[in-house]
Amino acid sequence: MKIEKRWVISFVLISIAAISGLFWESTPATESVLFNSADTIVTADVAWLLTSSCLVLLMTPGLSFFYGGMVGKKNVISTMLQSFICLGVVSLLWVVVGFSLAFGDSIGFMVNGTHYGLIGNPFQFVFMDQVGVLPHAKMASTIPFILFALFQMKFAVITPAIITGSFAERVRFISYLLFICLFTLFIYTPLCHMVWHPNGLLGSYFGVKDFAGGTVVHMSAGFAALAGVLVLGKRKNSEHIPTNIPFVLLGTGMLWFGWFGFNAGSALAANATAAMAFATTTVASASAMLTWIFFDRLNGRKVSAMGACIGAVVGLVAITPAAGFVTIPQSIFFGFIAAIVSNKMLYWKKLKSIDDTLDVFACHGVGGIMGMILTAIFAQGENASLLHGGWGVFSHHMIALVLVAVFTFFGSMLLYKVTNFIIPLRVSEESEQIGLDVSQHDEQF
């Protein structure tokens, strides 16, 4: 059996990473301006962030069930694997260089004596150098820095996994692996740095409020999904019956459960903000679920398990950037309005015509956009949002929304084209007809 060169290269890369790790001399962190002493660690915060990291990790297998149940029978395993494999690919990439790019010292420019970052220093935390038990003074001052890095890793893992639903049933697996590496390095990490690093351009200069990833995760995945659909084109047979609705229900439950770590964990402490984020998360999802199925009935569609699940996830997406910034009654409105807008977009003929297989843009992209806009309107605190006197904050949010959309859409489109140049993205017509489970993995559901 002839082994393709691309697989040889893949094995060589993992070999290099493994052997480099064996001989890498890690630099331990010491007490300094950057790192606090171990005495500042709060054990309750550590316990909650360990739990939250586990919850967010669970979301990726949950997403694989959510997507896997929606596709045709010939593509269940391949669709689920595309999400699940991110746990391996992105985790190692994060350890080697991703965390440095996202949270290393800012590389950017100065404005009136203030430094604003576009990307992190790629060499600062390579192989988790200086990332140990001491807390970082600015990013996570009450938990070990390694715990902060692992918590953030789970966000990096699920973001490219979300994208997979858009081009399900037609993408070549090895090409997909290359794309998620490029996406993580060139789209996710700079966006993460700009929003969540203390000196990030969008968070520090524009004042963008993104509590748990509406911009960083869902908008980036949504626009990357839209770009992927346009590059790959429509499936040969875009009509299919979802194979396993119970899988979708199970996946939704796992996502909802894991989202408590996603949102409430983003408080980075076991405190009142975490409790409020926990509450707004579940209330928004409940509101969106009910709104979706009632709105479906108003439009002549039957109440469906699929609709209830999609609605619940849209509510979770929409509340994500605002979870710690709004009240519980406001979270009901977040879920309500996001469900209506996403529902209308999901059934919009122009969006249907481009064949976003599992409606990733309509749910995650639009949900993220709605969350960002609503956060800029309702976030609590003096001058924190439009309703609290923050006209500048609102206008900066809208500018940032456009910048993020342009960056993630066109940046992802470029990465798809680069990937396609190196390894064709789309499977052959014969492989698509057979189904990716057999043609790509020699397995059957």
Side-chain angles (χ1 to χ4, degrees), residues 26-59 91 94-95 98-100 102-106 120 124-125 128-158 192-193 195-200 203-204 208-214 216-217 257-282 319-328 331 375 379-381 384:
S26 296
T27 305
T30 56
E31 291 182 33
S32 62
V33 175
L34 281 181
F35 296 100
N36 293 338
S37 71
D39 295 338
T40 62
I41 290 175
V42 177
T43 54
D45 295 349
V46 174
W48 173 232
L49 264 294
L50 284 169
T51 303
S52 295
S53 298
C54 294
L55 289 170
V56 183
L57 184 147
L58 184 68
M59 291 174 69
S91 293
W94 190 253
V95 167
F99 183 65
S100 285
F103 291 100
D105 289 342
S106 288
Q124 186 173 7
F125 301 129
M128 294 295 171
D129 266 0
Q130 302 183 70
V131 183
V133 297
L134 296 184
H136 194 282
K138 293 184 178 180
M139 284 185 264
S141 60
T142 63
I143 62 173
F145 197 35
I146 184 61
L147 179 53
F148 174 78
L150 293 175
F151 178 66
Q152 291 293 340
M153 175 198 287
K154 308 308 185 295
F155 287 73
V157 165
I158 199 170
C192 180
H193 185 89
V195 174
W196 283 335
H197 191 276
N199 296 111
S204 182
V208 169
K209 296 181 184 345
D210 187 358
F211 190 77
V216 177
V217 177
F257 181 63
W259 225 291
F260 292 127
F262 200 84
N263 284 1
S266 293
L268 299 179
N271 57 19
T273 301
M276 185 57 69
F278 195 105
T280 56
T281 296
T282 200
I319 196 62
T320 291
F325 302 138
V326 297
T327 65
I328 293 173
S331 70
T375 301
Q380 300 292 301

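Just so it is clear, the model here is predicted, and its values are computed rather than measured.
- The heavy-atom pair separating T280 from A323 by the smallest distance is OG1-O, 2.8 Å.
- Closest of all the heavy-atom pairs between A44 and A270 is O-CB, 3.8 Å.
- The nearest pair of heavy atoms linking A384 to A379 is CB-O, 3.7 Å.
- Counting heavy atoms from C-beta outward, W48 and N271 have side chains that stay 4.5 Å or more apart.
- P135 approaches I41 most closely through the heavy-atom pair CG-CG1, 3.6 Å.
- A distance of 10.5 Å separates CD1 in I143 from OG1 in T40, rounded to the nearest 0.5 Å.
- Annotation: side chain of W94 is in contact with side chain of M128 (closest heavy-atom distance under 4.5 Å).
- Within 6.0 Å of CZ on F325 lie more than 12 heavy atoms contributed by other residues, nucleotides or ligands.
- In this structure, the side chain of S331 engages the main chain of I328 through a donor-acceptor pair within 3.5 Å.
- Within the 4.5 Å cutoff, side-chain heavy atoms of S91 are placed close to those of M153.
- For the ring-ring contact (aromatic ring centres under 6.0 Å, His included) with F103, the lone residue among F125, W196, F148, F155 that qualifies is F148.
- Aromatic ring centres of F35 and H136 lie closer together than 6.0 Å.
- Atom CG of L147 sits about 9.5 Å away from atom OG1 of T142, to the nearest 0.5 Å.
- In this structure, D45 and L268 have side chains that are not in contact, with every pair of non-hydrogen atoms separated by 4.5 Å or more.
- Among all heavy-atom pairs drawn from A322 and T375, the shortest one is CB-OG1, 3.1 Å.
- With a 4.5 Å cut-off on side-chain heavy atoms, M276 and V326 do not count as touching.
- Contact check for N263 versus I319: side-chain heavy atoms found under the 4.5 Å cut-off.
- Here the OG1 atom belonging to T320 is positioned 5.0 Å from the CH2 atom belonging to W259, to the nearest 0.5 angstrom.
- Inter-residue side-chain proximity for F145 and Q130 is flagged as unmet; no heavy-atom pair is nearer than 4.5 Å.
- To the nearest 0.5 Å, atom CD of residue Q152 and atom OG of residue S53 are 9.0 Å apart.
- Taken to the nearest 0.5 Å, the NZ atom of K138 stands 11.5 Å off from the CG atom of N36.
- Here the shortest heavy-atom pairing between V56 and G261 reads CG2-C, 3.5 Å.
- Between the side chain of D210 and the backbone N or O of V216, at least one donor-acceptor pair lies under 3.5 Å.
- Within the 3.5 Å criterion, the main-chain N or O of D129 finds no donor-acceptor partner in the side chain of T27.
- With rounding to the nearest 0.5 Å, the separation of CZ in F151 from CZ in F262 is 8.0 Å.
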